[in-house]
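Note that this is a predicted model, so its numbers are computed, not measured.
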Amino acid sequence: MNVADSQRVGSSLEHLGYTLTETIEEADVIVLNTCVVRQSAEDKALGRLTSLTPLKKQNPNLVINLMGCMVGVRGAEKLRQRLPFVDVFSPPSDPGPLISHLTQGEIHSIEDSETTRRFLMMDDELILPVAEQGRLISAHVPIVYGCSHACTFCIIPSRRGGERSRPVGDIVAEVRSLAKQGVKEVTLLGQIVDRYGKDISDGPNLAGLLRLVHEVDGIERICFLTSHPNYFTEELMDTIAELPKLMPHIEVPIQAGADEVLLNMKRGYTQQDYRDLIAKIRSKIPDCSIATDIIVGFPGETDAQFMETYRVLSDLRLDVAHLARYSSRAGTVATRRMDDNVADDEKMRRFRVLEELQEEIVAEINKKYLGQTVDVLLEEKVKGRWRGRTPTNKLVFVESEDDLKGKVIPVTVTWTGPWSMQANLQKQPELIYL
Ligand code: SF4
């Protein structure tokens with residue numbers, strides 16, 4: 001979401017005539033777009049911000065803009081007092097305050113992210129920042145801002161605000177515009193992406209939106225994330241199975257295996273619900289890959305409860321497990337009401353146990369690709385090899401001297417490991433002239 005937000009800030013600044021610099025000392029405007037999902041991320045952002053003060057002293061005309069979750073949606077009064085050298089505070093996904101500041105209020109109409117977006121999209125075009133034009137193969141498109149859930153460990157609803165779906169016409173126009181600028185793959189984003197449209201009375205749901213995006217010429221792949229187990233419908237599964245541009249890769253977090261822990265997290269489902277969901281997805285989309293998120297060491301998690309998480313992961317054999325050790329986050333219900341009583345070394349032990357298990361699982365899953373021919377979207381050349389991804393989001397490296405950027409081509413997998421694969425281009429049939 002932050003990558004997408006930063007691209008929009010870049011677009012708006014270029015629209016005002018600014019250009020990107022790689023050298024911080026040369027900058028007239030510095031935008032620090034922040035993530036504060038963990039306390040450590042907020043501390044890091046604060047450190048980075050403080051390191052800018054000498055530049056501001058040298059050049060008082062320098063404009064420093066703090067943006068994102070550190071500012072949040074509830075006003076920045078406290079931050080203003082604490083950080084007097086910051087000129088502009090912008091909530092997540094909203095370049096409006098910065099544009100207003102730089103134009104000395106000339107553009108008065110920019111009050112919220114929607115009007116800002118209209119400003120950015122001249123004649124229904126979202127112009128990518130120059131540095132991304134012709135280079136960006138895969139783009140992120142936010143479709144739902146904020147979240148109205150209340151998972152007890154999560155700070156996002158209080159920083160990004162309640163759930164707001166973007167109008168369908170705006171999303172489709174943006175995807176069309178990205179396609180015209182050479183983008184081949186779009187990932188539709190939301191904290192709970194499958195709740196798209198629930199706050200709009202006469203619009204489509206996520207499945208309906210995906211059908212509309214599927215119609216856009218030039219877009220070859222469509223992904224979406226992140227799903228929530230309670231909102232992943234059969235209609236959505238059928239849509240993925242039916243439409244060829246929809247990638248069979250699903251990100252649906254479980255967070256913990258034990259029902260008591262899930263209840264304390266206020267996730268709203270049980271372990272069995274999650275198992276049933278995965279079985280249903282696999283019956284409808286047999287070759288799909290599934291990623292999950294897991295937090296170990298949540299307050300009160302016993303060893304027996306942790307072992308339930310272990311068993312779920314071991315039984316379900318998912319393609320990816322994003323693992324995190326619980327860390328207390330000021331402002332969350334978990335920090336206010338629960339005792340962070342799992343010791344750090346025990347959290348680390350649990351993390352390592354799952355990490356080892358997952359490495360084994362994914363190595364085994366990936367072995368099945370050996371010798372297979374799969375379509376890969378090639379994104380860029382890294383250290384002499386093309387880097388691409390399969391429809392199931394597996395990382396593949398391919399050797400070729402040709403310019404393959406942005407191409408979807410069949411390759412034959414020659415080596416697999418847990419985190420990546422190697423493949424050869426398929427040999428073209430030789431022409432024989434008689
Ligand atoms: S659904 Fe996701 S974003 Fe929303 S509160 Fe829960 S963890 Fe946070």
Indicate the atoms forming the closest heavy-atom contact of [X] with [Y], along with that distance.
| X | Y | answer |
| --- | --- | --- |
| Ala41 | Cys35 | CB-O, 3.3 Å |
| Ser148 | Gly162 | OG-CA, 3.6 Å |
| Tyr145 | Pro142 | CE2-CB, 3.7 Å |

Donor on one side chain, acceptor on other, [X] and [Y], under 3.5 Å:
| X | Y | answer |
| --- | --- | --- |
| Gln272 | Asp259 | no |
| Asn65 | Ser90 | yes |
| Asp199 | Ser165 | yes |
| Tyr369 | Thr390 | no |
| Ser40 | Asp43 | no |
| Thr239 | Glu235 | no |
| Ser6 | Asn33 | yes |

Using side-chain heavy atoms (C-beta onward) and a distance below 4.5 Å, is [X] in contact with [Y]?
| X | Y | result |
| --- | --- | --- |
| Ile240 | Ile250 | yes |
| Phe224 | Met247 | no |
| Val374 | Val411 | yes |
| Met67 | Phe89 | no |

Practice problem: Test salt bridge (Lys or Arg N to Asp or Glu O under 4.0 Å) on Asp87 and Lys56 and set out the steps. | Solution: CA-CA 10 Å; Asp87 301 277; Lys56 181 78 179 175; 2.8 Å; yes
Quiz item: Of Lys394, His249, Glu251, which meets side-chain hydrogen bond (donor to acceptor under 3.5 Å, both in side chains) against Ser289?
Solution: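 Only one of Lys394, His249, Glu251 forms a side-chain hydrogen bond (donor to acceptor under 3.5 Å, both in side chains) with Ser289, namely His249.
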Is a side-chain N or O of [X] found less than 3.5 angstrom from the main chain of [Y], in a donor-acceptor match?
| X | Y | result |
| --- | --- | --- |
| Lys245 | Ile219 | yes |
| Thr412 | Thr373 | no |
| Ser227 | Phe232 | no |
| Thr414 | Gln422 | yes |
| Asp28 | Leu62 | no |
| Arg164 | Val144 | no |
| Ser314 | Tyr310 | no |
| Asn205 | Lys198 | no |
| Ser51 | Arg48 | yes |
| Tyr274 | Val252 | yes |

Quiz item: Taking the six-membered ring of Phe351, is NZ or CZ of Arg325 closer than 6.0 Å to its centre and within 45° of its axis?
Solution: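 Output yes; distance and angle both within limits.
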Exercise. Apply salt bridge (Lys or Arg N to Asp or Glu O under 4.0 Å) to Arg387 and Glu379, showing your working.
Key: CA-CA 6 Å; Arg387 190 183 70 182; Glu379 293 163 343; 3.7 Å; yes
Between [Y] and [X], does any NZ, NE, NH1 or NH2 come within less than 4.0 Å of an OD or OE carboxylate oxygen?
| X | Y | answer |
| --- | --- | --- |
| Glu163 | Arg195 | yes |
| Asp402 | Lys407 | no |
| Glu355 | Arg352 | yes |
| Glu185 | Arg389 | yes |

Can you tell me if [X] has over 12 outside heavy atoms packed within less than 6.0 Å of its [atom1]?
| X | atom1 | answer |
| --- | --- | --- |
| Glu22 | CD | no |
| Arg80 | CZ | yes |
| Glu380 | CD | yes |
| Asp403 | CG | yes |

Practice problem: Verify salt bridge (Lys or Arg N to Asp or Glu O under 4.0 Å) between Arg329 and Glu42, making sure each step is shown before the conclusion. | Solution: CA-CA 10 Å; Arg329 183 72 191 80; Glu42 183 153 12; 2.5 Å; yes
Quiz prompt | Verdict with supporting geometry, Tyr231 and His149, ring-ring contact (aromatic ring centres under 6.0 Å, His included) | solution = CA-CA 12 Å; Tyr231 302 102; His149 262 232; 5.6 Å; yes
Name each donor-acceptor pair under 3.5 Å that joins a side chain in residues 277-286 to protein atoms two or more places apart or in another chain, with its distance.
residue : atom : partner : partner atom : Å
Lys280  : NZ   : Glu234  : OE2          : 3.2
Arg282  : NH1  : Leu316  : O            : 2.8
Arg282  : NH2  : Leu316  : O            : 2.9
Arg282  : NH2  : Arg317  : O            : 3.1
Ser283  : OG   : Lys280  : O            : 2.8
Lys284  : NZ   : Glu234  : OE1          : 3.4
Lys284  : NZ   : Asp238  : OD1          : 3.1

Quiz prompt | Verdict with reasoning, Asp5 to Arg160, per salt bridge (Lys or Arg N to Asp or Glu O under 4.0 Å) | solution = CA-CA 12 Å; Asp5 288 350; Arg160 285 193 169 258; 3.7 Å; yes
